[in-house]
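Notes for the one structure printed next.
Below, chain A is the first sequence line, B the second, and so on; all start at residue 1.
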Amino acid sequence: MFDSLFNALPVALQFGSLVSLFVGTLVGILIGALPGLNPVMAIALMLPLTYGFDPVIALGLVAGIYNGSMYGGAIPAILLKIPGTPAAIATTFDGYPMTRNGQGGLALKTACWSSAVGGIISAIALMTLAPLLAQVTLAFGPTEYFWVAVFGLVSIAVLVGSDISKGMLGALLGVIIGLVGVDTISGAERYTFDSLYLSGGFDLIIVLIGLYAIPPVLEMAEKSNATYYDAGSFKVDASGNALTLIRQHWRTWARSSLIGVSVGILPGAGGNLAALLSYNEAKRKSSNPDSFGTGNPVGVAAAESGNSADNASSMIPSLTLGIPGNLVAALVLGALMIHGLQPGPQLFTKSPDVVFGFMWQMLITAILLLFLGGMVATRLFAQVLRMPTALLVPTTLVLMAVGVYTVKGNMTDLYVMLGFGLLGYLLHRLAFPLAPVVLGVLLGPMAEQNLRLAMLLSQDDVGALFTRPISQGIIALLLLVLFSQVWKMLRKVRQE
Amino acid sequence: MNFRDIISGIAFLILGCTVVGVGNGFDAGAAYVPMGVGILMCLFSLSLIFKGVTQRLGASESSSIAVALIDHPGRFMATVACCLIYYLAMPTVGFYSTSTLFIILLSLVLGERRPIVVLGITVGFIILLYGLFAMVLKRPLPVEFFLVS
């Protein structure tokens with residue numbers, strides 16, 4: 001398996017791949033630097049454009065945007081106390097005070113190096129753990145895959161958000177959206193209401209752009225009053241030597257990256273949780289915890305390495321099991337499916353260049369951050385904050401329209417996207433988490449297909465779903481997640 | 001907020017019942033999952049309604065301020081309306097012309113009043129799109145009205 005890993009390196013270093021990594025990282029930093037835009041939206045917008053490309057190039061763009069945006073989010077967090085992405089919230093705690101103390105340049109450089117180190121460690125974790133896990137999952141049959149899909153769906157539904165009912169309803173809504181169209185096993189039409197458009201089912205990318213990219217743009221439009229952030233007026237000094245940074249922060253980087261990698265593997269947990277846990281741990285270990293929150297560079301280093309270390313590791317369950325741990329991982333699965341590749345352990349044997357190439361791409365983009373996120377580039381990217389939101393809204397909507405139109409050249413897709421956008425907006429405002437909906441669309445069909453295959457193989461014996469040892473292990477995990485949440489809920493009720 | 005839980009619970013209950021009702025007519029194999037999902041949706045929506053009702057009853061003693069569902073209805077509706085007009089006009093007017101007008105119109109609606117900034121960014125963005133889609137990716141987009149023969 002590891003031979004394939006090294007054989008894929010030349011693929012990741014091809015000219016086309018390198019260009020996509022460069023462009024993706026630049027776009028990622030830009031998107032991350034713009035408050036209101038997020039990596040999920042950027043990747044969802046970028047995916048339709050990659051239809052005609054080689055999968056390696058498409059995934060290179062995804063890798064670049066993901067790693068780039070994690071660092072990009074730190075720029076407004078440090079300069080303006082506005083987290084560019086949710087994962088950059090912990091960066092504001094010490095990053096902004098550093099800017100106020102005249103150390104904005106040092107804070108940005110610390111963030112850049114910390115993001116790069118976190119990303120590198122995470123990519124190494126992906127390279128070493130994913131092939132091993134993939135070998136284990138080769139023993140999985142339809143029963144195990146059914147339970148893995150149910151586990152992924154239920155754990156996201158109960159862990160994300162504050163209300164289990166809302167999470168579950170979101171997940172079930174996603175499953176229903178995924179059911180629309182022709183049933184792949186019996187050929188029967190389901191929920192199509194004799195519509196030719198619906199018989200093809202909803203295109204994943206259109207649902208994703210609608211649910212995830214439109215609501216933040218509508219919120220931006222509501223808040224827009226032609227104002228813009230003036231980050232250009234901030235004095236950014238060029239202090240901070242690389243060797244000094246390494247000497248000062250290597251312990252923090254190692255600890256926070258470990259936290260980030262562990263959080264990334266868990267379903268439902270995201271970069272913001274990894275950053276907050278890393279920040280708290282750095283503060284707890286510090287000899288001077290009171291300095292945190294007043295401009296301590298260790299706080300920036302912990303938050304940034306923590307949130308970036310979550311990136312590649314979140315791909316481990318996605319690539320090996322086909323179960324995305326977060327939305328970017330779901331988009332990576334979407335990208336693979338768009339290019340005719342089926343995620344799961346077979347991917348490692350059928351398309352090793354693509355899957356291992358992607359791992360190298362995650363590593364290369366983390367290293368690229370050191371060059372593209374340097375002082376000159378950072379000064380340049382700080383200028384994107386000057387873009388008026390009143391113009392950012394229509395330009396983003398045009399990008400969505402062109403991206404969705406180019407998928408099939410069908411105008412109806414644009415109305416469907418807007419419809420899902422309004423649904424996403426409404427659900428978001430009613431405090432329904434959107435991640436379970438998207439994962440329901442992705443995992444629902446996978447769960448159904450494997451359940452029906454398992455039933456066919458066992459000649460409709462339902463008991464067969466519970467007898468295999470791996471299935472029993474997954475069911476035990478599922479029950480553990482459910483009971484822990486119910487226990488938390490009961491404790492909360494008792495306290496109230 | 002609790003009232004919203006009740007309403008959204010009822011909406012999901014109706015959806016769940018519809019899913020079960022329609023799924024009832026499917027072939028046996030194709031019906032299992034839709035029926036199961038529909039039934040689960042009904043159960044969870046009932047739990048949401050129950051929670052909403054109990055919270056509502058509890059909240060009647062102390063007043064609570066509900067957060068608006070839409071912060072700025074005017075801008076929200078204007079943005080959605082502009083999108084619909086944009087999508088309707090695109091097949092006949094053409095992609096680049098409609099997009100140019102859409103960006104200018106929506107930015108003005110949203111409060112941008114600096115003509116040079118609006119025109120500069122719009123023209124630059126459209127040129128970028130043209131370069132990417134027409135020259136690099138060569139993707140067919142709705143043809144401009146002045147180019148239709």
Which one wins on heavy-atom pair count under 4.5 Å against chain A: B:D27, B:L141, B:I126? B:L141

In the structure I gave you, are the side-chain heavy atoms of A:L399 and B:F125 within less than 4.5 Å of one another anywhere? yes

Is any side-chain heavy atom of B:K51 closer than 4.5 Å to one of A:S165? no

Is there a side-chain contact between A:L391 and B:T122 (heavy atoms, below 4.5 Å)? yes

Taking only heavy atoms into account, what residues of residues 10-18 of chain B are found under 4.5 Å from chain A? B:F12, B:L15

For the residue pair B:V19 and A:Y191, what are the closest heavy atoms and their distance? O-OH, 2.7 Å

With a 4.5 angstrom heavy-atom cut-off, which part of A:M400 approaches chain B: side chain, backbone, both or neither? neither

Find out whether A:R429 and B:D71 are in side-chain contact, i.e. whether some heavy atom of one side chain is under 4.5 Å from a heavy atom of the other. yes

At a heavy-atom separation under 4.5 Å, does A:Y405 approach chain B through its side chain, its backbone, both, or neither? side chain

Max heavy-atom pairs within cutoff under 4.5 Å with chain B, candidates A:L169, A:L397, A:I176, goes to A:L169

Least distance between heavy atoms, A:Y425 atom then B:I70 atom: OH-CA, 3.7 Å

Part of A:L173 lying under 4.5 Å from any heavy atom of chain B: both

Is A:V175 close to chain B through its backbone or its side chain, or both, or neither, when contacts mean heavy atoms under 4.5 Å? side chain

Report which part of A:R452 has an atom under 4.5 Å of a heavy atom belonging to chain B: side chain, backbone, both, or neither. side chain

Given heavy-atom pairs under 4.5 angstrom as the criterion, report whether the side chain, backbone, both or neither of A:S186 touches chain B. side chain

Heavy atoms only, distances under 4.5 angstrom: which of A:I164, A:D460, A:L418 has the most pairs with chain B? Name it, please. A:L418

Does any part of the side chain of A:L179, heavy atoms only, come nearer than 4.5 Å to the side chain of B:F26, both counted from C-beta? no

With a 4.5 Å heavy-atom cut-off, do B:F76 and A:E219 have their side chains touching? no

What heavy-atom pair brings A:R190 and B:A30 nearest, and what distance separates the two atoms? NH1-O, 2.8 Å

Quick one: closest heavy-atom pair of A:A221 and B:L110, and the distance? O-CD2, 3.6 Å

Looking only at A:L451, A:T395, A:L218, the option with the highest number of non-hydrogen pairs under 4.5 Å against chain B is A:T395

For B:I121, which atoms come within 4.5 Å of any heavy atom of chain A: side chain, backbone, both, or neither? side chain

Distance col, row B:F44:CZ vs A:M168:CE, nearest 0.5 angstrom, shows 4.0 Å

Highest number of heavy-atom pairs under 4.5 Å with chain A among B:P140, B:P142, B:C82 belongs to B:P142

In terms of heavy-atom pairs under 4.5 Å, which option from A:L427, A:V398, A:D183 contacts chain B the most? A:V398

In this structure, CD1 of A:I214 is separated from SG of B:C83 (nearest 0.5 Å) by 6.5 Å

Taking the side chain as C-beta and beyond, is there a heavy-atom pair between A:M411 and B:M90 under 4.5 Å? yes

Counting only heavy atoms closer than 4.5 Å, note whether A:I185 contacts chain B via side chain, backbone, both or neither. neither

Just so I know, are the side chains of B:L88 and A:Y415 near enough to count as touching, which here means a heavy-atom distance under 4.5 Å? yes

With distance as the sole test, does B:E112 use its side chain to make a donor-acceptor pair with the main-chain N or O of A:A390 at under 3.5 Å? no

Please name the pair of heavy atoms, one in B:H72 and one in A:E222, separated by the smallest distance, quoted to 0.1 Å. N-OE1, 2.8 Å

What one should report as the nearest heavy-atom pair of B:P34 and A:E448 is CD-OE2, 4.4 Å

Hey, could you give me the CG/CG distance between A:D163 and B:L48, rounded to the nearest 0.5 Å? 6.0 Å

